[in-house]
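Below, read A as the first sequence line, B as the second, and so on, with proteins coming before strands; counting in each chain starts at 1. The figures that follow rest on heavy atoms only: side chains count, while hydrogens, waters and symmetry mates do not.
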Number of protein chains: 2
Amino acid sequence: MASGDVASTAKAKYLQIADDLAAQIHSGALPAGAPVPSESELMQRYGVASGTVRKAVAELRTTQLIETHHGRGSFVRSRPPVQRKSSDRFRRSHRKAGKAAYLAEAEQSGGKPSVKVLFIGPAEAPEDIAERLGVPAGAQVLARKRRYFRDGVPTEEATSYLPWDVVRDIPETFAENPGGGGIYARLEEHGHTLAEFTETVRARLATKAEAAALALSPGSPVIHLVRNAMTESGQVVEVCDTVMAADQFVLDYRFAAKD
Amino acid sequence: MASGDVASTAKAKYLQIADDLAAQIHSGALPAGAPVPSESELMQRYGVASGTVRKAVAELRTTQLIETHHGRGSFVRSRPPVQRKSSDRFRRSHRKAGKAAYLAEAEQSGGKPSVKVLFIGPAEAPEDIAERLGVPAGAQVLARKRRYFRDGVPTEEATSYLPWDVVRDIPETFAENPGGGGIYARLEEHGHTLAEFTETVRARLATKAEAAALALSPGSPVIHLVRNAMTESGQVVEVCDTVMAADQFVLDYRFAAKD
DNA sequence: CAGTGGTCTAGACCACTGT
DNA sequence: CAGTGGTCTAGACCACTGG
């Protein structure tokens, strides 16, 4: 039998199936965490080919209603509470109390934070990073790439870049755990007194790689934040490039109505 | 011939094709506005079936590199320069120079800004807004809803809420154009000296309504920003709720490494 | 191992666009 | 009209997960 004979109906079959499943989710027939029927099950139930079912499921994924795990199945998403990132998180008093910025933050949002170090070592500075650091493009810098989790779920991935001249004499910056107060505390101990941070915030859709790293469904939005840490002498001693799952974070900023 | 024999390669074919086309776009071989080769052309060129080419093209679409028009083809998107929103945009000196925040900002980003007033008048404060303003939920406030354009393209939609007690004696706040320096200048002229702004930033996918208002394709990300304007006396005299097309804006913040 | 989703083929027909 | 993308089929093999 031919196939395109369905495209003439008002709505595409795969959208009808997606709508049907979405309705079941919203009605509670498919509660949060419940498995979505398997593809073969759906093929039978709706009498369509595999490709059609897959498009329907893909639709639900991009609308964030379900998440899919290869080999296990698709499951109705539950929306966890978001984390807040306030510009207060870099308060010097937090550093002195021995807390790194991430922990100082995660502490307030209920949930067990954890960090996985992906890479620490010398690297060539990407062009935009080099420009921010005030070093030649391709110059050697220290890169520190980490992935952060809350309750075991990946939420953000951050790469810090520090000029080689700055870190050369600070062995802790090469350690997985730089000690109480984090990298910023070590920098200040070595005379790099921090004066100002600047953050650049963008939002966009996750790339394939980011979606994989953060366990996001394709089409999920991410927040892309790049922060410069500048010392009193005006040198940028760190640039931190962070990609966050957008549904996990709220950013808070406070600033004066200055002249 | 079988087919799955390709899935065993490191990368999926459709992603390789997408990457290849993306490289051509970034290199300029496929400049902005240029048509992407048709699907049948790509099938021949890469020696794959239609479905594979379609998945590659879909990939480029979700990464915003191209846009597709049924019956005409796919075309390389031109990325208009993004607008920057820095926390400097509320500098009092800008207000005194007679510039509203939006124009002070848009001025630097090349492109003709315009504003359309959607609504100005009394309204019941939504719960979250009322809480920020420190008024009872449902209390009457002044709402000012505007849509902003650049070069005729809608980029953001903002609704300001001001307590009735504050605006009652400031007739300009009811005008479509509140005069040089905008609402904030009028507030300060009437004794509400602004001391501090706080902004809350979220990113998420556009709702259907937002996609329509901002002429976005479904699944596009937006930045949702809510700002409190607080006076020296500690009163929140305005809450501004803004939804921006994420690909049109970069947010800049600067803050001290305070104690 | 069986069951799941992921990729791919080689076609088909339909709907939209422009000449 | 020819050419474009959009939907769909009925299979195939691969990769991942869990018992």
Side-chain angles (χ1 to χ4, degrees), chain A residues 1-21 33-62 65-77 208-209 211-212 215-219, chain B residues 1-21 33-62 65-77 217-219:
Chain A
M1 178 198 322
S3 43
D5 52 357
V6 187
S8 45
T9 29
K11 217 170 184 179
K13 247 187 213 173
Y14 78 95
L15 286 178
Q16 292 179 35
I17 297 173
D19 284 349
D20 191 13
L21 291 171
V36 175
S38 76
E39 295 185 355
S40 39
E41 161 82 26
L42 292 174
M43 286 168 65
Q44 281 202 345
R45 182 181 304 182
Y46 293 99
V48 296
S50 67
T52 306
V53 157
R54 287 189 58 71
K55 283 193 80 171
V57 171
E59 193 66 20
L60 294 176
R61 209 165 26 231
T62 64
L65 273 176
I66 66 170
E67 55 190 355
T68 298
H69 301 280
H70 193 165
R72 282 202 294 141
S74 292
F75 302 86
V76 179
R77 283 187 70 150
K208 207 89 185 172
L216 298 173
S217 27
Chain B
M1 175 197 327
S3 43
D5 52 357
V6 187
S8 45
T9 29
K11 218 169 181 179
K13 248 188 212 172
Y14 79 94
L15 286 178
Q16 291 180 36
I17 297 174
D19 284 349
D20 190 15
L21 291 172
V36 175
S38 77
E39 295 185 356
S40 38
E41 161 84 25
L42 292 174
M43 287 168 64
Q44 282 203 344
R45 183 181 303 183
Y46 293 100
V48 296
S50 66
T52 305
V53 157
R54 286 188 59 71
K55 283 194 80 172
V57 171
E59 190 65 24
L60 294 176
R61 206 163 31 231
T62 65
L65 272 176
I66 65 171
E67 55 190 352
T68 298
H69 300 280
H70 193 165
R72 282 204 292 142
S74 292
F75 302 87
V76 178
R77 285 186 64 152
S217 32

What is the separation between atom NZ on K13(B) and atom P on dC13(D), rounded to the nearest whole Å?
15 Å
Of the candidates dG6(D), dC8(D), dG5(C), the side chain of A12(A) sits closest to dC8(D)
Taking OP1 and OP2 of dC8(C), is either one under 4.0 Å from a side-chain nitrogen or oxygen of Y14(B)?
no
Closest-nucleotide ordering on DNA chain C, the 5'-leading residue of G71(A) and L15(B):
G71(A)
Looking only at heavy atoms, the pair that brings A18(A) and A56(A) closest together is CB-O, 3.8 Å
Walk me through whether V57(B) and I66(B) qualify under side-chain contact (heavy atoms from CB on, under 4.5 Å).
CA-CA 8 Å; V57(B) 171; I66(B) 65 171; 3.7 Å; yes
Specify the residues of residues 50-60 of chain B, ordered by number, for which at least one heavy atom lies under 4.0 angstrom from an atom of DNA chain C.
S50(B), T52(B), K55(B)
Tell me which residues in residues 36-49 of chain A lie within less than 4.0 Å of DNA chain C, going by non-hydrogen atoms.
S38(A), E39(A), S40(A)
Under 4.0 Å between a side-chain N or O of R72(A) and OP1 or OP2 of dG18(D)?
yes
If you measure from CG on L21(A) to CG on L60(A), what distance do you get to the nearest 0.5 Å?
5.5 Å
Counting only pairs under 3.5 Å, give me each side-chain donor-acceptor contact of residues 40-51 of chain A, with atom names and distances, residues two or more places apart or in other chains.
{"residue": "S40(A)", "atom": "OG", "partner": "S38(A)", "partner atom": "OG", "Å": "3.2"}
{"residue": "E41(A)", "atom": "OE2", "partner": "R45(A)", "partner atom": "NH2", "Å": "3.0"}
{"residue": "Y46(A)", "atom": "OH", "partner": "D20(A)", "partner atom": "OD2", "Å": "2.6"}

Please report the shortest heavy-atom distance between G33(A) and F75(A), naming the atom on each side.
O-CD2, 3.7 Å
Return the nearest nucleotide to the side chain of T68(B); candidates are dG6(C), dC8(D), dG5(D).
dG5(D)
Without decimals, in angstroms, what is the distance between H70(B) NE2 and dG5(D) P?
9 Å
For DNA chain C, what dot-bracket results from Watson-Crick or G-U pairs at under 3.5 Å, with [ ] for crossers and | for inter-strand partners?
||||||||||||||||||.
Residues in side-chain contact (heavy atoms from CB on, under 4.5 Å) contact with L15(B), at least two apart in sequence or another chain
K208(A), K11(B), A12(B), E59(B)
How many whole angstroms separate atom CD1 of I66(B) from atom C1' of dT4(D)?
13 Å
Identify all side-chain donor-acceptor contacts of residues 67-74 of chain B below 3.5 Å with residues at least two apart in sequence or on another chain.
{"residue": "T68(B)", "atom": "OG1", "partner": "R61(B)", "partner atom": "NH1", "Å": "2.9"}
{"residue": "T68(B)", "atom": "OG1", "partner": "S74(B)", "partner atom": "OG", "Å": "2.7"}

